[in-house]
Amino acid sequence: MVVVLGFFLPPVSIILMTAPIILPPLRAANFDIIWFGVVMTIVMEMGLIHPPVGLNIFVIRNVAPDIPLSEVDLGHAAVRAADDAGCGRAVLRASDFDVPARSGDGT
């Protein structure tokens, strides 16, 4: 859902629209909200570079108007593949990325 929203909207808009809906069930299920925020940010940024409407593709196109849009799309295919693989690994093997729990006394 967040990737599809990233096709059309900037990340701040996505957070403001989805956070009130997503956060209460995540808290009830004892998900780490910080970790979820990291994954959500990565996925939103993936939406910004992903066709068919990725906003960053058009930014690159306007910065370099002499390069065809199809070549810009092929140029960042490796970045998209790396993002997909990294996000998939982070979701499927989240325990590899666990950070020790923070204690309440500030240490």
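As a basis for the values below, the full set of heavy atoms in this structure was taken, side chains included, without hydrogen atoms, waters or symmetry mates. This is a predicted model, so every value here is computed, not measured.
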Output, in order, the C-alpha distance, side-chain angles, deciding distance and verdict of side-chain contact (heavy atoms from CB on, under 4.5 Å) for I60 and H76.
-> CA-CA 11 Å; I60 293 169; H76 74 276; 5.6 Å; no

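Atoms CG and CG, on L26 and D32 in that order, are 10.5 Å from each other to the nearest 0.5 Å. To the nearest 0.5 Å, atoms CZ (R80) and CG (L74) are separated by 8.5 Å. Note that CD1 of I33 is 10.0 Å distant from CD1 of I22, once rounded to the nearest 0.5 Å.
Under the 4.5 Å side-chain heavy-atom criterion for Ile, Leu, Val, Met, Phe, Trp and Tyr, V59 and I14 are members of distinct hydrophobic clusters. M17 and M46 end up in the same hydrophobic cluster when Ile, Leu, Val, Met, Phe, Trp and Tyr side chains are linked at under 4.5 Å.
Heavy atoms only, all atoms of each residue included: P24 and A19 are closest at CD-O, 4.0 Å. Scanning all heavy atoms of the two residues, the minimum distance from I15 to P20 falls at O-CD, 4.3 Å. Here the shortest heavy-atom pairing between T41 and G37 reads OG1-O, 2.8 Å.
Chaining together hydrophobic side chains whose heavy atoms lie under 4.5 Å apart places V12 alongside L16.
Looking only at side-chain heavy atoms (C-beta outward), D83 and E45 stay at 4.5 Å or farther from each other.
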